[in-house]
Amino acid sequence: MISIDGLRKSYGEQVVLDGLDLQVDRGERVAVLGLNGAGKTTLLQCLLGLIGFEGSVTVDGQQAGPAGKEARRRIGYVPQRPPVFDMTVSAFLHLFSDLRDAPVEPATERMAEFGLPPDEVGEKQMSALSGGMLQKTLLALALGAEVPVLLLDEPTASLDPSSRREFVRVLEGVDEDRTILFATHRLEDVESLANRVILIHGGGVVFDGTLKDLWERSGVGGELWVQVPASRQEAAVALLRDRGSVRGAAEDGGGGIRVELAPGGAMDALGALRDRGVEVEDFRALSPALDEVMDRLLSARSVGAEKRDTG
Amino acid sequence: MTALRLLQRELRDSLRNYWFAVSSGVLVVGGLLLMLFGQPDQAILGYRGFARALAGLMQLALFVVPLLALFPAVSALAGERELGTLDYLLAQPVTRDEVFAGKWTGVGAAVSLAVLAGFGATGLVAVVRGVPPVMVVVLLGFTLLLGVCFVSLGIWISSLLSTRARATSAGLTVWLFFLAMGSLGLAGAFVGWGVPASVLEVWAFVNPVEAYRLASIAVLDPGVSVLGPVGADLLERLGRGPLIALALASLAAWTGIGYWAGRRAFAAPVR
């Protein structure tokens, strides 16, 4: 569905994308990760033809790029900050459906499905909608036009938690044959939406796999919060510290124990407590921050590269 | 279809701008005052009768129409860029050329409508009071060309700048520069700085405001006192027809240059 070969984009001396290759099949949900400035947004801009580039990029067989009108016809786009046009929601839907040579009715039907019935919001100015409502309006427009590809640039970054959950719920319901490529910094978005993760660094894709693979490769295991009877806390901490799957354990001062885990260590830690007869009254898995996972993976890569250079 | 929808949107947005109502109103009210309360039997600035009233209208248009055109034109791209709506628009199945053409034609149509409304009302009164209709139509045509010329210049500016405020400042600077370097400026340059007459004559055609003034006066009532020394010299050397033709060619050239350069600048990020 999306085919990228040797994509290169630079701004003056600064090379942002340097020969990036990527193939995305129909129906894949790909999270594009990377540190700030890694080129996530640049990649999306190239697909949309908002900027010029070197290399070959096709979307559904159509050449993408500044002249790639037919490629853009196949793409629905939801930017990080939704555009606020000086017009009503209804006028917006009509104008942009017309630009796609698509009827407006499917978009308005989607609006109703998303909890934005056109008879209630249609005559409102776009500036009167919340960020979440705007994002859903853009999504309704894209889905109404039957585009096979959705490009989302950190779509939940500017939303409050409630709007974010709602928007992710809407995205989870998108037909399975649509391809979604989205840039994000949020682990929750990746967990909810992605079946594939790519990590961009140094102008290319340095990781391509599942989220689980990413965690394992990074060596970040996450954390566990465990509550045991107060009388057994000290013993439980000592027990956990002896486990190979545990990198560290300490009382948190509030009646619980925070356990830093090696990858895949949660079940081993809980099993060890159970085997020693320590009653686990409550526990929660604390996911590592996505930035930490990326940092660890990239650090490991640079150390590996240094070793190769010096070895 | 695409360009037409973009044109419609731009036309609608431009006409909703209060600036159009204000500047069209100034043209209507100012023009009508000149027509209704002018004193045909007196000579002012070398004009007599209807020609004097139309010349007054031309002087009014010379100030108002470039501004009327520049304000919406400079905002057309820079304003959308600032709001973040331009990238979303360009992410649709449209080309940059279509967006640029839609902006240009939309703003151009809105400015032309405003000029027609402002000038038309005055022109009707002028015709009723005995002014030959052909003279009103010719002056209206020149004024429409002046408006379209400044739409092109404004959109060129808009394609280069990223915020509405910067684009508006640049537009005002251009307007002031062309006004200041009109007939009085030329005379000042001739006397004060000793600029050669040949340079000033070329400049009289290069400056679209001065070109509009020369063409309009040459049609209405060419007289040395109102053409200014440079204009009078040009009239004597070129004759009335070639002077008008050159002046109109200048306006048309600026229209084309503004469109071409603006379109090129607008396409620059994707080259």
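In the text below, chain A, chain B and the rest are named by the order of the sequence lines, each starting its count at 1. Heavy atoms only: backbone and side chains are in, while hydrogens, waters and symmetry mates are out.
In this structure, Q92(B) and R72(A) approach most closely via the heavy-atom pair O-NE, 2.9 Å. Heavy-atom minimum distance, L95(A) versus R5(B): CA-NH2, 3.2 Å. The two residues P93(B) and L99(A) have their closest heavy-atom pair at CG-O, 3.6 Å. Closest non-hydrogen pair, G84(B) versus P83(A), comes out as O-CB, 3.9 Å.
One finds the CZ atom of F92(A) at 10.0 Å from the CZ atom of R9(B) (value rounded to the nearest 0.5 Å). Rounded to the nearest 0.5 Å, atoms CG (L50(A)) and CG (L90(B)) are 6.5 Å apart.
Both the backbone and the side chain of R73(A) have a heavy atom closer than 4.5 Å to some heavy atom of chain B. The contact between D87(B) and chain A is made by backbone and side chain atoms together, counting heavy-atom distances below 4.5 Å. Only the side chain of E80(B) comes within contact range of chain A, with at least one heavy atom under 4.5 Å from a heavy atom of that chain. Only the side chain of L141(A) has a heavy atom closer than 4.5 Å to any heavy atom of chain B.
The aromatic rings of F96(A) and Y88(B) sit tilted relative to each other, their planes meeting at an angle between 30° and 60°.
Heavy atoms of other residues, nucleotides or ligands lying less than 6.0 angstrom from CZ of R196(A) number more than 12. Within a 6.0 Å radius of NE2 in H185(A), more than 12 heavy atoms belonging to other residues, nucleotides or ligands are found. Heavy-atom neighbours of R81(A) CZ from other residues, nucleotides or ligands within 6.0 Å: at or below the threshold of 12. Annotation for E176(A): atom CD does not count as buried by contact number, only 12 or fewer foreign heavy atoms lying within 6.0 Å.
Interface summary for chain A: among D97(B), V94(B), L89(B), the most heavy-atom pairs under 4.5 angstrom belong to V94(B).
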